[in-house]
2 protein chains.
Amino acid sequence: MGLTKSEIFTPEQNELSSIAKVFGHPARVAILQHLFKIDSCICGDLVDEIGLAQPTISQHLKELKKIGLIKGNITGTSICYCIDKDNWSQMKTVLSVFLNQDINENNNCC
Amino acid sequence: MGLTKSEIFTPEQNELSSIAKVFGHPARVAILQHLFKIDSCICGDLVDEIGLAQPTISQHLKELKKIGLIKGNITGTSICYCIDKDNWSQMKTVLSVFLNQDINENNNCC
DNA sequence: AGTATTAATCGTAATATTGCAATATAATAA
DNA sequence: TTATTATATTGCAATATTACGATTAATACT
């Protein structure tokens with residue numbers, strides 16, 4: 001099948017896994033790290049920076065855009081990408097709730 | 001061709017994406033949430049709790065175990081799973097470094 | 001021994017993802 | 001207008017993931 005049964009999960013579970021899925025590829029992690037590091041917004045040199053073909057990078061950028069973590073700005077023939085700060089911090093909140101769950105200390109099996 | 005080029009990324013990028021990948025499916029999120037919530041370690045009732053077949057849950061548990069986020073304890077015919085606290089907090093540290101990166105404020109394109 | 005019970009594994013079908021060559025599109029430059 | 005440059009889209013091949021039926025393995029219960 002290969003088809004995730006999203007309908008049996010809560011909206012929270014689906015949202016969380018969608019976010020995590022985007023981080024689930026090293027190229028997208030690398031793109032985000034580069035956008036954080038660089039002092040001016042980056043355009044096509046992500047292709048040089050990371051060692052993947054232009055269509056591949058473009059595809060990864062599309063997924064990052066789709067989930068709202070980055071946004072692009074057209075300047076001439078190039079496009080300037082950067083982190084969407086508002087969405088980034090919103091995403092952090094969603095992830096934090098999940099990551100900082102308290103472990104029930106009554107657990108005694110292991 | 002369906003094969004991630006792990007060799008061109010840093011160990012950090014690969015580690016981070018591997019962790020995120022595991023969270024990238026709602027069933028695994030649901031399993032982890034259930035293990036957090038329940039007051040005694042859970043065994044096969046994850047199958048009832050989540051609406052997936054037993055082999056499917058077993059497969060997801062395997063991936064969670066592989067990355068070290070959960071561990072199992074055999075008691076009779078059943079297996080008791082729970083969060084691996086040490087690895088969980090270690091994973092949180094790795095993720096936090098990534099999530100809490102500072103955005104370079106010299107960014108001015110968007 | 002024979003029979004449940006529980007969970008892992010195997011095999012397989014359906015779908016998704018990754019990556020890239022080729023091509024298309026869009027904006028600028030000559 | 002004709003390049004040139006930068007990025008997106010299309011199409012496709014290779015591989016991965018998801019899901020589950022069937023089976024297996026291991027323990028517990030009669």
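Here the structure is a predicted model, which means the values were calculated and not measured. Letters A, B, ... mirror the listed sequences (proteins, then strands); counts begin at 1.
- A:Ile74 comes within contact range of no nucleotide atom at all, as no heavy-atom separation falls under 4.0 Å.
- Put simply, the side chain of A:Tyr81 reaches to within 4.5 Å of the side chain of A:Lys65, judged on heavy atoms.
- Atom P of nucleotide D:dT7 and atom CD1 of A:Ile50 are separated by 13 Å, given to the nearest angstrom.
- Atoms CG and CD, from A:Leu69 and A:Gln90 in turn, are 10.5 Å apart once rounded to the nearest 0.5 Å.
- One can place CG of A:Asn73 at 17 Å from C1' of D:dA8, the figure rounded to the nearest angstrom.
- Residues A:Ile74 and A:Ile79 are in side-chain contact: their nearest non-hydrogen atoms beyond the backbone lie under 4.5 Å apart.
- Look at NE2 on A:His25: it is 17 Å from P on C:dA16, rounded to the nearest Å.
- Annotation for B:Ile83 and B:Lys71: closest pair O-CE, 4.4 Å, computed over non-hydrogen atoms.
- Closest of all the heavy-atom pairs between A:Phe9 and A:Asn14 is O-ND2, 3.6 Å.
- Between the C1' atom of C:dG19 and the CD1 atom of B:Ile8 lies a distance of 10 Å, rounded to the nearest Å.
- A continuous path of Ile, Leu, Val, Met, Phe, Trp and Tyr side chains, each step under 4.5 Å between heavy atoms, connects A:Val94 with B:Met91, placing both in one hydrophobic cluster.
- Between A:Lys5 and B:Thr75, the residue anchored nearer the 5' end of DNA chain D, judged by the nucleotide with its closest heavy atom, is A:Lys5.
- Distance, A:Lys66 NZ to D:dT9 P: 12 Å, rounded to whole Å.
- In this structure, the side chains of B:Phe23 and B:Leu95 come closer than 4.5 Å at one or more pairs of heavy atoms.
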- Item | Sugar-phosphate or base contact per nucleotide [nucleotides 4-13 of chain C; S, B, -; heavy atom under 4.0 Å] | -BSBBB---B
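- Two residues are said to be in side-chain contact when any heavy atoms from C-beta on lie closer than 4.5 Å; B:Glu49 and B:Asp45 fail this criterion.
- Atom pair A:Lys71:NZ and D:dT7:P shows a separation of 18 Å (rounding to whole Å applied).
- Side-chain atoms of A:Lys92 and B:Asn100, non-hydrogen and from C-beta on, do get closer than 4.5 Å to each other.
- Against DNA chain D, the stretch residues 10-23 of chain B makes heavy-atom approaches under 4.0 Å through B:Lys21.
- Contact annotation: B:His60 side-chain N/O to D:dA19 OP1/OP2 distance is under 4.0 Å.
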